[in-house]
Amino acid sequence: MSKKTTTETKPNAQGMTKKQLKKLRRQFKHTLFHKNHFNLFMTLIASVLCSSASIMGSWLLKEVMDLVAGNSPFDLNTLLMITSACILLLLLGGVIDYCFLSRFRAKAMKQYRAFVFDKILQKGIQAFSKENTSLYISALSNDVNTIEQDYLKPLQTNIEAGLSFIGALALMLWYSPMLTLISIGFSLMPIIVSVIFGNKSAIAEKNVSDKKESYTGVQKDVLTGFKVIKSFKAEESISNLQEQKNKDVADATNQRAKASVLVNYSSTLSSSIVQFGVFFVAAALALSGKGFTVGTVLVFTQLMNYLLGPIQLFPNFFAGRQSALRLMEKLAAALNQNISDEGEHIAPQLTEGIAIRSLQFAYEENKPVLNGIDMQIAAGGCYALVGGSGSGKSTILNLLMAGSRDYGGEILYDGKELKTVSPSSLYDLVSIIQQNVFVFNSTIRDNITMFSQFPAEDVDRAVRMSGLQKLIEEKGEDYLCGENGSGLSGGERQRISIARALLRNTPVLLIDEATASLDNETSFEVLDAILNLDGYTRIIVTHDLDENILRRCTGIFTLKKGELSEQGTFQELMEKKGYFYSLFTVSQK
């Protein structure tokens with residue numbers, strides 16, 4: 001088996017072969033040019049005009065010099081007319097570039113960012129939470145800039161240089177095939193330099209991306225966990241960690257700069273050798289009296305600039321292109337992991353209820369979190385899940401939201417096994433209200449509607465039922481909530497979360513410790529609002545064992561160390577005087 005075949009079929013860390021990665025990468029690359037072909041075509045027209053004008057300029061140089069020496073078949077007026085035409089070609093090319101080049105680049109990057117963002121949104125909820133989001137932040141900022149600056153921006157310049165190369169080569173062959181072959185021989189040296197050093201630059205660029213991703217992750221953690229850092233006086237430790245990550249970025253950037261300098265100087269040095277070599281060979285031929293004129297020597301020297309142009313530009317462009325493609329591969333591999341699984345589409349309604357049978361689940365092998373859970377939840381009922389910390393309450397809600405399919409037993413929605421249901425249709429059936437409510441730095445209305453359009457009467461209904469009327473009357477629906485809801489109280493953020501769920505009008509509401517960080521009065525108000533929602537199936541995970549709330553629940557499930565200890569109404573469980581009775585009694589002290 002050849003080395004190439006082995007490399008193509010050897011899986012990487014994500015279990016993908018190089019061939020599979022290239023196929024995924026092709027989608028990202030194609031996005032740059034999708035519905036952008038006309039803009040690209042016009043920039044190519046501009047390149048043809050400009051390169052044609054440049055080659056004509058070299059030809060004019062020869063003819064003017066030969067005219068002075070008495071060897072040109074053209075007179076001065078003819079050459080002036082050709083020069084005017086050459087200037088018009090340059091002017092027309094510049095106008096076309098002005099109109100279409102920036103449009104092509106802007107649209108390409110806009111489409112690329114949109115494509116990446118849409119791919120991120122295809123991730124599953126639980127699967128995405130396990131990933132390093134810093135990779136995506138870096139990909140949409142640092143890596144996007146690299147792709148634009150090192151690949152897309154030089155693209156037109158290199159195309160123009162390539163066209164000039166073809167024109168120069170044709171004209172050189174016309175004047176002297178022998179000297180042209182000598183020039184090509186000299187030109188092999190820069191090409192070899194490009195091949196040797198181009199890949200090193202690409203590897204260095206990917207290393208910079210990896211280090212920046214790690215550095216971005218630290219910054220995100222510091223800003224998110226700022227209160228924790230301050231309260232535990234961990235500033236020095238965090239500063240040391242940040243300093244190390246910052247040093248890693250600096251070192252990687254330094255290595256990338258060295259690789260770039262190596263490519264640039266190697267290319268410049270080899271190009272200079274080529275140019276001087278051709279010049280002296282042409283001069284020698286002219287002095288030998290073999291039909292070479294002074295104009296021919298000068299035009300060869302001039303045309304060598306166009307012959308060497310791609311040789312000087314291509315190493316950097318090749319290195320930049322390779323860097324961009326590696327970044328695309330890295331992102332493609334990450335985005336290809338944990339995509340939401342397909343499944344059967346179900347109607348957004350619950351008529352019978354939810355059945356959980358012999359449910360078993362573990363985050364780590366041989367460390368069960370749930371063991372043999374059996375629950376029956378009637379449609380339209382309100383049920384509470386209670387128990388000590390780590391008893392598995394939130395895990396059950398995560399599984400009900402299709403957070404994982406690696407569970408044993410059954411989870412049935414109206415008799416339909418959850419594993420067979422597509423996540424997208426499940427989200428039309430179920431909404432979740434969590435303890436940590438994310439609020440966007442936008443208006444109250446935008447945070448309720450999640451930037452979507454809903455009829456005004458539906459929004460008003462959600463506001464009324466969630467208890468947000470007083471807030472909107474005081475501050476208005478256009479009030480900016482601040483970063484992550486910093487302008488709102490905990491209760492107000494929770495009510496926004498409830499309003500979101502109500503506006504989506506899903507039949508099932510899962511409430512996961514929604515009042516854990518609220519004071520008793522606000523906690524009661526939020527839970528009371530949830531209990532007053534008739535027609536919804538509600539499952540509430542709560543630490544707050546308020547009798548006034550629990551008596552209104554259809555049923556209570558008491559969990560203990562991953563097992564269902566008791567179930568029944570509040571009155572029934574209190575009369576049993578078992579585990580629930582103990583939890584409730586302790587909570588009242």
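No experiment lies behind these values; they were computed from the predicted model shown.
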Completion exercise
The reported gap from CZ in Phe115 to NE2 in His30 (rounded to nearest 0.5 angstrom) is 9.0 Å
Exercise for the section: Determine yes or no for a side-chain-to-main-chain donor-acceptor pair under 3.5 angstrom, with Arg25 supplying the side chain and Glu329 the backbone. Expected result: no
Exercise for the section: For Gln255 and Asp251, test the side chains for any donor-to-acceptor distance below 3.5 angstrom and give the result as yes or no. Expected result: no
Problem - Distance, nearest 0.5 Å, that separates OG1 of Thr83 from CE of Met56 - result: 8.0 Å
Practice task
Please list, chain by chain and in numerical order, all residues satisfying side chain to side chain donor-acceptor pair (under 3.5 Å) with Lys107, sequence neighbours excluded.
Solution key: none
Practice task
Walk me through it: do Arg321 and Leu325 pass the test side-chain contact (heavy atoms from CB on, under 4.5 Å)?
Solution key: CA-CA 6 Å; Arg321 180 179 179 276; Leu325 294 179; 3.4 Å; yes
Practice task
Report yes if the side chains of Leu152 and Tyr112 come closer than 4.5 Å at any heavy-atom pair, otherwise no.
Solution key: no
Problem - Distance-only donor-acceptor check, side chains Arg500 and Asn447, under 3.5 Å - result: yes
Handout entry: For Asp75, side chain to side chain donor-acceptor pair (under 3.5 Å) partners two or more places apart
Key = Thr78
Handout entry: Heavy-atom pair of closest approach, residues Lys211 and Ala252
Key = CG-CB, 3.7 Å
Fill in the blank from the handout: On a heavy-atom basis, the closest approach of Leu426 and Met401 is CD2-C, 3.7 Å
Problem - Ala250 backbone acceptor or donor facing Asn254 side chain under 3.5 Å - result: no
Practice task
Would you name the heavy atoms of Asn36 and Ala108 that are closest together and state the gap between them?
Solution key: ND2-N, 3.5 Å
Practice task
Could you walk me through whether Arg445 and Ile448 pass side-chain contact (heavy atoms from CB on, under 4.5 Å), step by step?
Solution key: CA-CA 5 Å; Arg445 183 181 181 88; Ile448 293 172; 5.7 Å; no
Practice task
Using a cut-off of 6.0 Å, state whether more than 12 heavy atoms not belonging to Phe438 lie near its atom CZ.
Solution key: yes
Handout entry: Leu79 CG to Trp59 CH2 distance, which is reported to the nearest 0.5 Å
Key = 6.0 Å
Problem - With sequence neighbours excluded, residues passing salt bridge (Lys or Arg N to Asp or Glu O under 4.0 Å) with Asp150 - result: none
Exercise for the section: Mind checking side chain to side chain donor-acceptor pair (under 3.5 Å) for Asp210 and listing every partner two or more places apart, or none if nothing turns up? Expected result: Lys206, Lys330
Exercise for the section: With rounding to the nearest 0.5 Å, note down the distance linking CG in Leu303 to CG in Leu169. Expected result: 9.5 Å
Exercise for the section: Please lay out, stage by stage, how Val208 and Val249 fare under the test side-chain contact (heavy atoms from CB on, under 4.5 Å). Expected result: CA-CA 6 Å; Val208 170; Val249 173; 5.6 Å; no
Handout entry: Minimum heavy-atom distance Cys481-Phe440, with the two atoms named
Key = CB-O, 3.9 Å
Handout entry: Separation of Leu155 CG from Leu32 CG (nearest 0.5 Å)
Key = 9.5 Å
Exercise for the section: Tell me, yes or no, whether the heavy-atom count around Tyr98 atom OH, taken from other residues, nucleotides or ligands under 6.0 Å, exceeds 12. Expected result: no
Practice task
Indicate yes or no: at least one non-hydrogen side-chain atom of Thr443 is less than 4.5 angstrom from one of Leu480.
Solution key: yes
Fill in the blank from the handout: Hits for side chain to side chain contact (heavy atoms under 4.5 Å, CB included) against Thr506, two or more places apart or cross-chain, chain-then-number order -> Ser431, Arg504, Leu509
Show me the donor-acceptor pairs within less than 3.5 Å that the side chains of residues 44-55 make with the rest of the protein, sequence neighbours left out.
from  : atom 1 : to     : atom 2 : distance (Å)
Ser47 : OG     : Thr43  : O      : 3.0
Ser47 : OG     : Gln156 : NE2    : 3.3
Ser51 : OG     : Ser47  : O      : 2.8
Ser51 : OG     : Val48  : O      : 3.1
Ser52 : OG     : Val48  : O      : 2.6
Ser54 : OG     : Cys50  : O      : 2.9

Exercise for the section: Please report the C-alpha distance between Gln244 and Asp248 in whole Å, then the side-chain angles of each, then the deciding distance to 0.1 Å, and finally whether the side chain to side chain donor-acceptor pair (under 3.5 Å) criterion is met. Expected result: CA-CA 6 Å; Gln244 181 59 51; Asp248 291 342; 3.0 Å; yes
Practice task
State whether the side chain of Arg105 and the backbone N or O of Lys153 hold a donor-acceptor pair below 3.5 Å, judged by distance alone.
Solution key: yes
Problem - pair Leu135-Leu331: side-chain heavy atoms closer than 4.5 Å - result: yes
Problem - Near-ring test Phe100/Phe38, centroid separation under 6.0 angstrom - result: yes
Practice task
First locate atom NZ of Lys212, then atom CD1 of Ile137, and finally report the distance between them rounded to the nearest 0.5 Å.
Solution key: 14.5 Å
Exercise for the section: State, with a plain yes or no, whether a side-chain heavy atom of Ser58 is found less than 4.5 Å away from one of Met172. Expected result: no
Fill in the blank from the handout: Between Ala334 and Tyr136 the two heavy atoms that sit nearest each other are O-OH, 3.4 Å
Handout entry: Closest contact, heavy atoms only, Arg103 versus Asn39
Key = CD-OD1, 3.4 Å
Problem - Validation row: Thr157, Glu160 side chains within 4.5 angstrom (heavy atoms) - result: no
Exercise for the section: Check the pair Leu140 / Ile120 against side-chain contact (heavy atoms from CB on, under 4.5 Å), numbers first and verdict last. Expected result: CA-CA 11 Å; Leu140 287 167; Ile120 292 174; 4.1 Å; yes
Handout entry: Gln149 CD: over 12 foreign heavy atoms closer than 6.0 Å
Key = yes
